[in-house]
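Notes follow the structure.
Small disclaimer: the values here were computed from a predicted structure and weren't measured. Reminder, nothing fancy here: chain letters follow the sequence lines and each chain counts from 1.
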Amino acid sequence: MRKQGAPECIIVAALVCSFIFVSGSEKAWTQGPVKDMRGQTFTDPSKTFPMPDDWIKQPIKYDKENEGADVVIMMDQDIYHTLLPSVQQFAKEKNLKIIMIEGTCGIAAGMLAKKTADMGGFCCPAGAEDRLPGLRFHTIGIVAKAFFVNPDNPVDNISETQLRDIYLGKLNRWSELKTQEGQKGPDRAIKPIGRLHCPLRPGHWRLLLDDKTKFGPGVSEVGSIPDMIAQVASIKDAIGWEVMTMAERNRKLGTVKPLKVNGYRPNDSGALALLKYPFYRTYQVTTWEGKGVENQNAAQLVQYLIKEFEKLDPDKYGFVSQGRLRKAGWRFSGDELTGEPK
Amino acid sequence: MKMDSRIDRILSRVPLTPKLLIITLFVWGLVWGILEYLQSNQLKKITDIQLTHLLEQQARENRIRFDNYVMAYHDMAVLIVSQKAFVDHVRGYAGFSDGTKGIKYHTEIPAWLPDASVMRHFVRIHNAVLIDGMGRVREVYQGTSGIVPRSLLPPSALLLKMSRGQSMLTVVDGVPYLIVSDAVKDPNRGDTLALALISPVDDDFLSASQGVISGRGIIALVETARQQVVASNAPDLIPAGTQLDLLADRYLITSKAFFDWGGSEMLMQFTALVSKDELAEMGRAMLVEGRVQRSFISLALLMSFAMIMFWITGKIHLLTENIGDFSHNILNMRLPEISTGRDQLRILEERFAMFKDEIIGSREKLKRQAEELLREKTVYLDTLLHSSSMAVVATDLDLKIKYFNPTAETLFSISAETAIGKTVSETKLDERLDIPCFEKIINDSDGDEECISTTINKTAKGEQILESKVSIVKDAEGNISGLLMITQDITERKKAEEQRLELERQLLHSQKLESIGVLAGGVAHDFNNLLMAVLGNLHLALMKLSPGTPVRTLIEQAIQASNRTADLTRQMLAYSGKGMFIIEKLDINEMVKENASLLNSTVAKTAMLGIDLQPDISRIEADSGQIQQVIMHLLINASEAIGENTGVIMLSTGEMECDETYLRGSRTDEVPKAGRFVYLEVSDTGSGMDVETQQHMFDPFYSTKFTGRGLGMSAVFGIVRSHRGAIMVDSVMGRGTTIRVLFPAEAL
């Protein structure tokens, strides 16, 4: 029952860092310079990841345990809890048997790749590898990604640049930031925490720093959302990120305080729509097009979900629906959000 | 009941200490059993909750280790691809796409991987695969766990792409695999050469992910859909393929349904398990420990209890003896002897019961005696009050009557039945009593506690003089609770007192007047005899003198002076009552009429004399000369009161019926008997007399005038007294004086 850290992982991390440092010249040779800290926001919707013909011909076939369903959906945990009530409502209205499974973007991508689900739900924009033949992405909306600190931390506002500097390892003490009263923050070391999931998909944390390798050595990484909330809530000088719905959902693990970024609160949907608040996740669902893979119920469900999302309180957690995004000048390809406003 | 009393008798024979010990042991056993039951249940509940919590914590930690271990694979791939040996090795290929066919397998660590001394500190590489730009597998390092499945030689393009930049968990041929990859790019030709690290996520992998740790925890990968164990770090206990629900009886289980890092497409649970048998064993150990502790505590409590009981028993024995001594010495009561070996508490109980009965009996007896005493006292007081010649009335503070004795009934002519319960004003007693006196002592609590008042009670029989003494009544706490009024009729007493005083006054005055009378009479008598001799000789001398002789005038003046002296002596004799009395029936009116001119000359010229004679009045028996003297002196006195001023003198006569009360106002020392009287009244409008003058106006030789001799009014006094008459004086300063002399009318 005794706890033990992961000493070998620490050693590994140290060795990796030293090794990368030693052989850095080789990587530079292969990868070239970094142009922009803010990473890729969306991938090109016109490109499709090539798949073998027999895969393309392969129809949707549910796993044994899902047989008999009208629609099978695998959704990332972020989007799952937001959309579940609407899906249940749709199933009731249409008298359909809809099986919606909670998972991650990776599991959703995995089931889609195996063609065992009619719909996938992602909290990130589609990666190049996600654009499988016949698969269509529909953006429900975006949701602010909040940066949280411990509730005892007097710092209330932070700029995008300062956030970036913290995770780059250039800004290391809270005293370099200002509190709400305009005073210096506590003279203690900042302990940045990251959850660098879905590195192949654009957007999300890559809006902060495009690449894992750009994160400073002081950033500690967690593997799950509860770990992130628990750590920020328990470590006095920690800073981390998550969407506000997840912070609320994991509140039993501890309370965290969302920071204003550039003077805007993360739940200020207006600021997010105008990108004055610059960090967000993209809620997307997928449907299939083509013989043997199309599901009309899924297609109707997508439109239903887009409409229902419009009805949610936008300023509770910082939701911006597809309709508002369009009005705000965000670029779409069909139903899919493909670019920020120019 | 019979059985109960038998048990009771048996129990009473057993001493207290063993009896209580038996009861205590019984209760102890009962409590022990209950505690055993409750504690074991509660302990199980607590340990389950606590261990579930710990299990969740352990599961979380295990998963974090697993996450870190998996992610470290990716770092490992980046590391290998970045190392110089790797780059040199792939540069050695004639281009990444040189058309070489076939796969080169390594069982030893190849040159493009770090050497063993470095590898030992990294995650364990099971398989490393080099894939050229054409997607062909060029070299394979087969590490510790067997052969790479054919479907992964090479991995699909999608899998290879998905495993770049992240640790990819996927299921291949029903077996979970971890695949990570990275690539180097040939800058000249644009080709890439990828390194894929492939490891089955099996029992060894799970064990390795947790490092060298000890503990009861078991972790397992469970396929979510089928709830079947895919791998565990304790395959001997939980082999792959075990259904999770079958483990629920033997293990506490917690699960995490998926991996959050986004690089996993496995829908698998990361599950932590703790053996329930071990938990039960732990619970048993804790229970045994609890029992041992309870036994020690029980033993200590029993010993303490025994000592306390020994001490209490001694105290009970002492108390029992004290009760016996007290009963014997104070109550004179002999209690049964204490027999040893019996229940001390029972003995105390018996003794105390007897003691209690005795005290209750004594108290009842005392109470009866006190009641009897009180009753007797009440009867006695009631008798006293009933027998009292004084009226006794008790009221509350609202003057509501509470007690009314028979004398009060008689005195106030109200029955007690009527009076009691009513207020003083409702019974109209307030008209007969001095109510302000009542109120004063009620309201003035710091003042007198009693007051005495005299009031007049008018009854059909006449007026009563009532003397009341009112005093406050206080209750046991000293608060004023009411009033007690004792009233008596003092009419007779007052009357007697007045009579006594009158007699004393009359006696004194009589004695004084008698002394003066004796003195004046004696002197006047002798003086009159001598004066007769002087007058006789003067008349003889005058007869012998020839007319015209100057001496004759002197003698005539001497005779005149002697006559006046004779008048004085007559007045003195009149006052003393020793003058010449020729009693005859006399009509005063006739006498006044006959002497009208003489009387008119008596008054001063400034005064006017009026005469008012009531016709047909009775005659009186009197000496006419003396009555004439009375009229003359009264007129002279009235004339002198007017003095040089003008005024009116009224001489009137009349007849009237006089009662004792009226006659009591007479200025004579003897009050005549009531009856019809003829009066002679002289009133003037003169200066009037003050009280002092009125008191002494009849005293001999008392005069307010310088030239007066003070014998005129005293002569009137003496003449009226001699005729058993009365004198009434009414004088007001500045307004005048009326003097009425009354003489008993002749009886018809």
With a 4.5 Å heavy-atom cut-off, do [X] and [Y] have their side chains touching?
| X | Y | value |
| --- | --- | --- |
| E129(A) | L158(B) | yes |
| M111(A) | E265(B) | no |
| L267(B) | M74(A) | yes |

How about residues 117-126 of chain A versus chain B: which residues have heavy atoms under 4.5 Å apart?
->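 Answer by number: none.
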CA sep, side-chain torsions, deciding dist, call: Q166(B), L200(A), side-chain contact (heavy atoms from CB on, under 4.5 Å) = CA-CA 8 Å; Q166(B) 64 180 359; L200(A) 300 182; 3.5 Å; yes
Count the heavy atoms of every other residue, nucleotide or ligand shown that sit under 6.0 Å from [atom1] of [X], and state whether that count exceeds 12.
| X | atom1 | answer |
| --- | --- | --- |
| M286(B) | CE | no |
| K212(A) | NZ | yes |
| K161(B) | NZ | no |

Contact winner vs chain A - R226(B), M168(B), M162(B), heavy-atom pairs under 4.5 Å =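 It is M162(B).
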List in chain and number order the residues that pass side-chain contact (heavy atoms from CB on, under 4.5 Å) with R251(A), two or more places apart in sequence or in another chain; answer none if no residue qualifies.
->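 E248(A).
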Return the set of residues passing side-chain contact (heavy atoms from CB on, under 4.5 Å) with R60(B) (not counting sequence neighbours), or none when no residue passes.
->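 Counting only residues at least two positions away or on another chain, R60(B) forms a side-chain contact (heavy atoms from CB on, under 4.5 Å) with D227(A), A230(A), Q57(B), R63(B), I64(B).
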First locate atom NE2 of H197(A), then atom CE of M71(B), and finally report the distance between them rounded to the nearest 0.5 Å.
->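 If we round to the nearest 0.5 Å, H197(A):NE2 and M71(B):CE are 11.5 Å apart.
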Hey, could you give me the OG1/CD1 distance between T170(B) and I107(A), rounded to the nearest 0.5 Å?
->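 One finds 11.0 Å between OG1 of T170(B) and CD1 of I107(A).
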Do you know which of R195(A), Q77(A), E65(A), K64(A) has the most heavy-atom pairs under 4.5 Å to chain B?
->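 Option with the top pair count is Q77(A).
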Please name all residues satisfying side-chain hydrogen bond (donor to acceptor under 3.5 Å, both in side chains) with S232(B), sequence neighbours left out, ordered by chain then number.
->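 Here no residue qualifies.
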